[in-house]
Asker: 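Provided herewith is a single structure, encoded as structure tokens, for subsequent inquiry.
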Number of protein chains: 2
Amino acid sequence: MQPRAVRSMEEFAALSGISRPTVSKYFNDPASVRPSTRERIETALERYDYRPNIYAINQNRKLTKNVGIVVPYLADPFFAEMARTVERRCIEAGYWPILFSSHGERDTERNILDTIARMKPAGVLMAPLGRASDRTAVERFCREVPTVVFDSHIEGVGEAFVGSDNFQSVPLMIDYLCATGMPPCWLEMQPVNPNANKRRDAYRTAMTARGHEPRILRVDGDDWDFERIGYEGGLRLLDAGLPDTDTVFCSNDRLAIGFLSACYERGLRVGRGGDLRVAGHDDHPFARYTCPPLTTVAQDYEAISLHAVRTLFSVITGKGPQVRKEILFGGRLVERASA
Amino acid sequence: MQPRAVRSMEEFAALSGISRPTVSKYFNDPASVRPSTRERIETALERYDYRPNIYAINQNRKLTKNVGIVVPYLADPFFAEMARTVERRCIEAGYWPILFSSHGERDTERNILDTIARMKPAGVLMAPLGRASDRTAVERFCREVPTVVFDSHIEGVGEAFVGSDNFQSVPLMIDYLCATGMPPCWLEMQPVNPNANKRRDAYRTAMTARGHEPRILRVDGDDWDFERIGYEGGLRLLDAGLPDTDTVFCSNDRLAIGFLSACYERGLRVGRGGDLRVAGHDDHPFARYTCPPLTTVAQDYEAISLHAVRTLFSVITGKGPQVRKEILFGGRLVERASA
DNA sequence: ACAGGAAATTTACGCGCGTAAAGATGTTTT
DNA sequence: AAAACATCTTTACGCGCGTAAATTTCCTGT
């Protein structure tokens, strides 16, 4: 026989023999009431299973405990992993994460920001679409809501940016590839975000600095179906013939996965000692299971998510950076069979 | 010069020259007010950019326009795709979808249901963890909130179940494999949900009915890192030697992707005319980019998501099924190079 | 032009909780 | 023991909106 549901704090306070304001105080911070009082409340809590109404709570706060999490494309396991990690950290910190995916669409991202703004969130962790983002809308949003931007940089926007140092990771791979074989050409798609541009620039600079001719191959496609872009573009490239190198450095792992598929279809053996070598960037969750397993530069997921969350919380609690900060993490070479 | 922010419906009503109850009526259904009134409100809306406070709105509804979406593991692109499709349909229907991932964890799923219940949602679309689900908690939840269960069945729970017909899809693949080569053995992991069990049973039944000896191979692993399970288990199996067949039917595509990686590592050529054939199940978004591309049975994502959403809305609006319904969709054979 | 119904306005209450102020208890200090 | 402080109770208001009831204004058809 379950005790009947308790519908309000008033009712619950009466049942537990404590005044409502004190109960309210307890729910905002259990440690703020006397231990004996706390115990009485928690005993009653077990008996009656009452929870404060979230809408009533948030209506009377200028700021809620909500934290918005926005990623550009959730069907990309990289962002799914990111979201998962970040979500957990928020919950541990006593916040209420709410996850959104822009699905690669400008309008969707804009609507999400609109929606989040209405929720009076304590803060937001946002990985923007990049090129497709409505810069004005994002800027306006970031002026209203404390936002930490990650993965894809938008100049001057948000309280801080946390991401990868492409100018470290790309040369890292180039050095490896040059040391173990021919200098790589660069395979990219139409850049969806600044990372793509930075990586290409890093490639060009590093190659030039090492006395090699940079060779940049561009394949078509401007949506988030990277594998397909790499596959279809890869077929065309292979049929037209690569420039004079047997090594292809793809601007990201998903593109590389598609390209590997194209290589397979054309009967090319990929890997050291094979017909050509292929490398990627990011250490995508599935990169270790491609055939051959993909040599790549691992982004430091853990560090990025940890610092993004920490920075946001320090901003929220007021201890945060008054001046905008940019935190970059280096990559780690992951040597597998593909290059 | 932006006009100052409007903070309440009271204020907005005054600015637009309409009474507050009428404005309230408008926001609940713009078509419920006279066209001339509607126009005046919308003109004012453009000038002042007012939006009703979501917390105040929901506090005064017994039921909100929120729709909870729960998936067991968002880092699986299958569920990410599912979530995306379902999300869009909810928005189009004027609802407010809120996405949750159980991350493969029993406690997380339970907490999510708890959270959702507090939000007074109009309904919920839920793909349960399966074996790891707290059946009692899910049952209790479904008694309180109209829920359509999809992908993974829980007997008797929810207003309806929408999923795949494993007893159609598995024999479909078996017939194809038998017609083009040797009868397949069955590669499975420890079942995380009923689908896995049904597929194995379907395999056994169909093989027996066709006069073939069913051969079931089980690999270790009880988390959601299916690729790793398929890879590591696959290595062990290959080293121990497969039973007398060259054809492996994997219980899902992610497992198959891992197994393909194991085959590659052992130097086995996969595909028709190769050392062995590998088939999967689901038509995972990345299945077409494996090497070789994976022959599989496609789940009808579109049909499942469409029917799940439709069923939920018909239940919400009261036109729905009073008796619990189970809707199953057949699979479609996707013939690629791996088998 | 007038009746009759549709739609808008006015007025009022309630939702469940945050929060402030004043006073009453309880606990610790010297 | 009394003083000094921490904590609780009582009382009361406000948040922004849904919604009901009674009244007034508007639109339509004759």
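Just so we're on the same page: letters track the sequence lines, and every chain starts at 1. Source: prediction; values computed, not measured.
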Asker: Can you confirm if the aromatic rings of A/Phe27 and A/Tyr50 lie within a centre distance of less than 6.0 Å?
Answerer: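 Ring-ring flag for A/Tyr50/A/Phe27: true, centres closer than 6.0 Å.
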
Asker: Round to a whole Å and report the spacing from CD1 of B/Ile41 to C1' of C/dA7.
Answerer: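 About 12 Å, once rounded to whole Å.
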
Asker: How close or far is atom P of C/dA12 from atom CD of B/Glu10, stated in whole angstroms?
Answerer: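 Answer to the nearest Å: 13 Å.
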
Asker: Determine, using ring centers only, whether B/Phe150 and B/His307 are less than 6.0 Å apart.
Answerer: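 No.
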
Asker: Report which part of the nucleic acid B/Asn28 touches: base, sugar-phosphate, or nothing (heavy-atom distance under 4.0 Å, all strands).
Answerer: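 Sugar-phosphate contact only - B/Asn28 comes under 4.0 Å of backbone atoms but never of a base.
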
Asker: For B/Pro35 and for A/Arg61, find the nucleotide of DNA chain C with the closest heavy atom, then tell me which residue's nucleotide is more 5'.
Answerer: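 Residue closer to the 5' terminus by nearest nucleotide: B/Pro35.
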
Asker: Is it true that A/Glu302 and A/Arg89 make a salt bridge, defined as a side-chain N closer than 4.0 Å to a carboxylate O?
Answerer: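 Looking at A/Glu302 and A/Arg89, the cut-off is met.
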
Asker: Of all the choices, C/dG18, D/dG16, C/dG26, which nucleotide is nearest to the side chain of A/Asn60 once you look at every atom?
Answerer: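 Ranking C/dG18, D/dG16, C/dG26 by closest atom to the A/Asn60 side chain puts C/dG18 first.
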
Asker: I'd like to know if the side chain of B/Arg324 reaches the main chain of B/Val157, judged simply by a donor and an acceptor atom lying under 3.5 Å from each other, with no hydrogens or angles considered.
Answerer: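 Confirmed, B/Arg324 side chain pairs with B/Val157 backbone.
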
Asker: Please determine, for the side chain of A/Tyr50, which listed nucleotide (C/dC17, C/dG18, D/dG18) has the closest atom?
Answerer: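 Within the option list, the nearest is C/dC17.
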
Asker: Which one, D/dC27, C/dG16, D/dC17, comes nearest to the side chain of B/Met9?
Answerer: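 Of D/dC27, C/dG16, D/dC17, D/dC17 is nearest to the side chain of B/Met9.
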
Asker: In this structure, how many angstroms lie between the P atom of D/dG18 and the CG atom of B/Asp29, rounded?
Answerer: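 That distance rounds to 13 Å.
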
Asker: Quick one: the side chain of A/Arg20 and the base of C/dG18, do they pair up donor-acceptor inside 3.5 Å?
Answerer: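 Indeed there is one.
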
Asker: Between A/Arg51 and B/Thr22, just flag the one whose closest nucleotide in DNA chain C comes earlier from the 5' side.
Answerer: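 It is B/Thr22 whose nearest nucleotide is closer to the 5' end.
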
Asker: Quick one: is A/Ser19 getting a side-chain N or O under 4.0 Å of the D/dT9 phosphate, OP1 or OP2?
Answerer: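 So the side-chain polar atoms of A/Ser19 do come within 4.0 Å of the phosphate oxygens OP1 or OP2 of D/dT9, strictly under.
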
Asker: Quick check: A/Phe78 with A/Tyr301 (ring centres under 6.0 Å apart)?
Answerer: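 Centroid separation for A/Tyr301 and A/Phe78: below 6.0 Å.
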
Asker: Roughly how many Å is it from NZ in B/Lys25 to C1' in D/dC17, rounded to a whole number?
Answerer: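 About 16 Å, once rounded to whole Å.
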
Asker: Are a donor atom and an acceptor atom from the side chains of B/Ser133 and B/Glu109 found within less than 3.5 Å of each other?
Answerer: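 Side chains of B/Ser133 and B/Glu109: pair found under 3.5 Å.
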
Asker: Determine: side-chain N/O of B/Ser24 to OP1/OP2 of D/dC17, distance under 4.0 Å, yes or no.
Answerer: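 For D/dC17, neither OP1 nor OP2 has a side-chain N or O of B/Ser24 closer than 4.0 Å.
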
Asker: Within this structure, what is the CD-to-P distance between A/Gln59 and C/dG14, rounded to whole angstrom?
Answerer: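 The distance from CD of A/Gln59 to P of C/dG14 comes to 17 Å, rounded to the nearest Å.
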
Asker: Please give, in whole Å, the distance from D/dC15 P to A/Lys120 NZ?
Answerer: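 My rounded result for the distance is 12 Å.
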
Asker: Send over the distance from A/Arg40 CZ to C/dT25 C1', rounded to a whole Å.
Answerer: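 The answer, rounded to whole Å, is 12 Å.
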
Asker: Ignoring backbone atoms, test whether B/Lys62 places a side-chain nitrogen or oxygen under 4.0 Å from the OP1 or OP2 oxygen of D/dT19.
Answerer: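 Checking B/Lys62 against D/dT19: at least one side-chain N or O falls below 4.0 Å of OP1 or OP2.
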
Asker: Check every atom of D/dA20, D/dC17, C/dC17 against the side chain of B/Pro21 and return the nucleotide holding the closest atom.
Answerer: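 Comparing D/dA20, D/dC17, C/dC17 against the side chain of B/Pro21, the answer is D/dA20.
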
Asker: Would you say D/dC8 has OP1 or OP2 under 4.0 Å from some side-chain N or O of A/Thr37?
Answerer: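 Looking at the OP1 and OP2 atoms of D/dC8, one of them is under 4.0 Å from a side-chain N or O of A/Thr37.
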
Asker: From the list C/dA7, D/dT7, D/dG16, which nucleotide is the closest neighbour of the side chain of A/Arg34?
Answerer: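 The answer is D/dT7, which lies nearest to the side chain.
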
Asker: Rounded to whole Å, how long is the line connecting atom OH of A/Tyr55 with atom P of D/dG18?
Answerer: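 Going from A/Tyr55 (OH) to D/dG18 (P), I get 14 Å.
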
